[in-house]
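If you're wondering where the values come from, they're calculated on a predicted model, not measured in any experiment. Just so you know, ligand 1 is whichever comes first in the structure, and atom 1 is the first atom listed for that ligand.
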Amino acid sequence: MSEIKQKLKTVFGYDSFRPLQEEIISNILSKRDSLIIMPTGGGKSLCYQIPALLFKGLTVVISPLISLMKDQVEQLKQLGVDAVVLNSSLTPEEYSYNFNCVKSKKAKMLYLAPESLFKDDIQWLLNEAGLESITVDEAHCISEWGHDFRKEYRQLGILRTKYPDAVCAALTATATPRVQDDIVKNLNLVNSQKFVASFDRKNLFLQVVPKLDPFLQTVEFLNEHKNQSGIIYCFSRRQVDELHEDLSGIGFSTKPYHAGLSDAERVTNQDLFTNDKVDIIIATIAFGMGINKSNVRFVIHYDLPKNLESYYQEIGRSGRDGVRADCLLLFSGSDTAKINYFINQKEDAVERISAKAHLDAMVRYAEYDGCRRQPLITYFGEHYSKVNCGMCDNCIAEAKVSEDITIAAQKFLSAVKRTGEIFGAGYIIDVLTGSEQEKILRNGHHNLTVYGIGKEYTKVQWKQIPIQLLNKNYLTRDVEFGGLKLTPSAIGVLFKKEKVFGRVEAKVRSSTKRLILKEDYDEELFEILRQKRRQIAEARNVPPYVIFSDRTLIEMAKELPQNEFQLSKISGIGEKKIKSYGSIFLILIKSYCAQKNIPAKKSVVIIKKTERKRYIEVGQEFNKNISVESIAETMGVKRETIIKHLFDYVLNGNKLNPDYLQSEVNSGKELQKNILNEFKREGTSALSPLKEKFGDAVTYDDLHLLRIIFLNKSK
Ligand code: ADP
Ligand code: ZN
């Protein structure tokens with residue numbers, strides 16, 4: 001095993017690297033400067049921590065927030081790594097103790113705030129301890145173009161020239177090219193290599209529902225997330241206070257957080273949350289910076305965020321431990337109008353238009369009817385090609401029966417045209433449904449032929465039409481004024497008999513219930529382990545996730561390890577943690593199993609690993625041109641099970657031999673073409689509407705295969 005893999009396992013307790021980590025570590029170890037761009041939770045820390053363990057000299061980590069530094073050092077100590085911090089918050093005794101740790105070369109890592117770096121005693125210390133590596137965390141703070149410029153970061157530019165032999169690594173979660181260039185330039189990085197990780201956070205489940213009764217919708221959601229940590233973001237302080245009062249009034253464990261509270265209250269509430277003593281923080285956007293809590297399990301947006309940047313940053317605070325986290329957005333047109341109103345108050349026209357464009361992207365995301373990762377990830381400049389992510393509401397939606405909505409689309413489009421392409425959806429719907437509003441009469445629009453021709457639908461139903469027309473690119477929305485306009489493709493629908501398929505539901509889906517099942521683990525045992533974790537954390541005065549992450553506890557509650565060997569296979573358990581906490585947790589698990597008469601599983605972890613990779617095995621066999629039939633026979637399973645594995649294989653980004661795949665399909669060519677067209681038009685989330693449509697002409701197996709062919713092609 002390589003040296004760095006070994007450190008990953010023995011110190012951090014992980015089996016494999018996340019994308020780019022290994023390359024970055026090698027780059028730093030070979031003393032080449034690196035610029036590292038990874039989303040929150042991507043695993044940046046390991047990238048400089050493992051080199052720090054392997055370097056002979058000292059690694060300095062520059063970080064802007066004292067709370068973040070403290071947290072990191074705490075986590076490292078729990079892993080048995082000697083890391084210290086030197087800053088103004090320490091007592092003189094603590095300071096000199098830590099100082100000596102570095103001086104005597106006992107500590108391999110020193111965390112510093114940028115302003116401490118050039119103090120005389122620190123400069124002396126860095127020379128004495130042999131500075132070998134400099135890490136600048138939150139490196140975007142050096143750029144005035146970033147959202148978080150700090151002037152103390154500016155002086156870091158001197159570092160590179162002052163310590164030419166030390167390697168430099170800069171880390172950030174901000175992706176804009178301008179900020180990246182600024183970092184390289186201002187830090188004077190030499191021939192640096194840039195590493196950009198994907199911004200797709202696969203473990204975040206994305207869900208948007210129309211905001212109909214936000215309080216009850218929130219309660220419904222929270223009832224499905226009992227005892228879990230989460231954040232609810234609101235637009236205003238008043239809303240925060242109100243919601244806190246209402247939710248805590250019916251027994252939820254909540255605290256407020258906003259700029260109107262005193263510093264002391266804010267710190268206390270944040271600490272309660274970090275330490276798992278309060279489940280839910282209800283906050284304005286002011287909450288989140290400097291929060292390192294890894295086990296935030298959900299984020300609710302009670303009100304619409306102003307732009308996708310904030311939205312992404314806010315949901316990004318959940319699921320940093322890699323365990324699934326649920327992100328719910330309650331979306332309403334009146335929130336959009338409210339934000340628009342505030343934007344209109346801005347004096348500067350350029351600012352106004354830019355804010356509106358941002359808001360428009362946000363609204364488009366909320367109204368999008370395909371995979372939500374598509375608009376989100378591409379917004380951040382990354383190519384996104386997966387058709388079905390399996391982790392958003394649209395991708396896993398129940399069979400949506402698609403119908404011919406051409407007539408409604410024609411009516412809507414012509415009403416847009418005839419009213420001059422300057423009105424928003426609400427007005428157009430009023431015209432179509434024959435409203436007698438003064439504005440319509442004043443404009444003389446009650447005389448149009450389209451007036452009142454849409455009485456077959458309710459307003460709720462009509463509202464669904466423009467959203468689909470926007471998504472299908474028959475309409476665009478004017479960024480500044482919100483008016484709808486036809487695109488050239490609308491001509492096809494209006495005059496060339498082009499058909500439009502979509503959905504018009506009498507009631508819109510507004511339930512906030514969990515859409516897919518939770519992971520399969522013993523929840524009762526998990527709760528017992530969680531309590532123990534909290535007790536230990538309290539006794540040691542550290543946040544619980546520093547002891548063990550949620551991922552680690554979940555795996556324990558799933559695999560039920562019975563001895564230290566089995567425990568060492570659990571993710572996140574390295575040598576030090578086994579020593580510190582192994583026996584305590586093993587006793588709990590064993591006595592739980594005994595009490596519940598759960599027989600000890602044998603070599604659980606090894607079985608789990610092979611099971612997980614079944615689809616890979618199947619995909620690889622198939623690519624050796626072995627037929628579905630024979631694979632099924634060899635494995636002793638049904639044909640449809642093998643097809644399901646092939647589906648997973650492709651969904652996970654692998655490619656199958658297209659010709660061989662084709663040879664498995666029995667339906668006629670024409671039928672195949674029609675079905676593939678349906679996938680193109682309607683997406684691949686459901687097969688049952690197709691089965692309904694084509695009836696006995698096609699088998700489910702063929703539908704499955706054709707969907708795989710379709711997805712395989714778009715790779
Ligand atoms: P970032 O600083 O990029 O926001 P962190 O470094 O805090 O992310 O990592 C997020 C979480 O992922 C941490 O709990 C960390 O221990 C975990 N993690 C990092 N690398 C791995 C890995 N290779 N395997 C499993 N978990 C990892
Ligand atoms: Zn999706």
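With sequence neighbours excluded, the residues forming a ring-ring contact (aromatic ring centres under 6.0 Å, His included) with Y312 are F380, listed by chain and number. For Y384, there are no ring-ring contact (aromatic ring centres under 6.0 Å, His included) partners, not counting sequence neighbours. The ring-ring contact (aromatic ring centres under 6.0 Å, His included) check on Y257 picks up F287, with sequence neighbours excluded.
With 3.5 Å as the limit, one finds no donor-acceptor pair spanning the side chains of K386 and N388.
Residue contacts with ligand 1 include G41, since one of its heavy atoms falls under 4.0 Å from the ligand. Ligand 1 lies within reach of S16, whose nearest heavy atom is under 4.0 Å from it. Residue contacts with ligand 1: A173 is excluded, as none of its non-hydrogen atoms falls under 4.0 Å. Ligand 1 has G42 within reach: a non-hydrogen atom of the residue lies less than 4.0 Å from it.
The shortest N/O to N/O separation between S45 and ligand 1 falls below 3.5 Å. Geometrically, ligand 1 and M38 share no nitrogen or oxygen pair separated by less than 3.5 Å. Between Q21 and ligand 1, a contact under 3.5 Å exists for at least one N or O pair.
Note that K293 lies in the cation-pi zone of F273, set by a 6.0 Å cut-off to the ring centre and a 45° limit from the axis.
Set against the non-hydrogen atoms of F17, the atoms of ligand 1 under 4.0 Å away are 23 (N). Atoms of ligand 1 lying under 4.0 Å from at least one heavy atom of R320, given by number and element, are 1 (P), 4 (O), 7 (O), 10 (C), 11 (C), 12 (O). For ligand 1 and P39, the ligand atoms under 4.0 Å from any heavy atom of the residue are 3 (O).
F298 and F221 have perpendicular rings, their planes meeting at more than 60° on a 0 to 90° scale where under 30° would count as parallel.
To the nearest 0.5 Å, atoms CZ (R533) and CG (D550) are separated by 4.5 Å.
With S30 contributing its side chain and N27 its backbone, the two residues share a donor-acceptor pair below 3.5 Å. Using a distance-only test at 3.5 Å, with no hydrogens or angles considered, a donor-acceptor pair links the side chain of T552 to the main chain of S571.
Within the 4.5 Å cutoff, no side-chain heavy atoms of V296 are placed close to those of R317.
For the Zn ion (ligand 2), protein N, O or S atoms under 2.8 Å: 4 in total.
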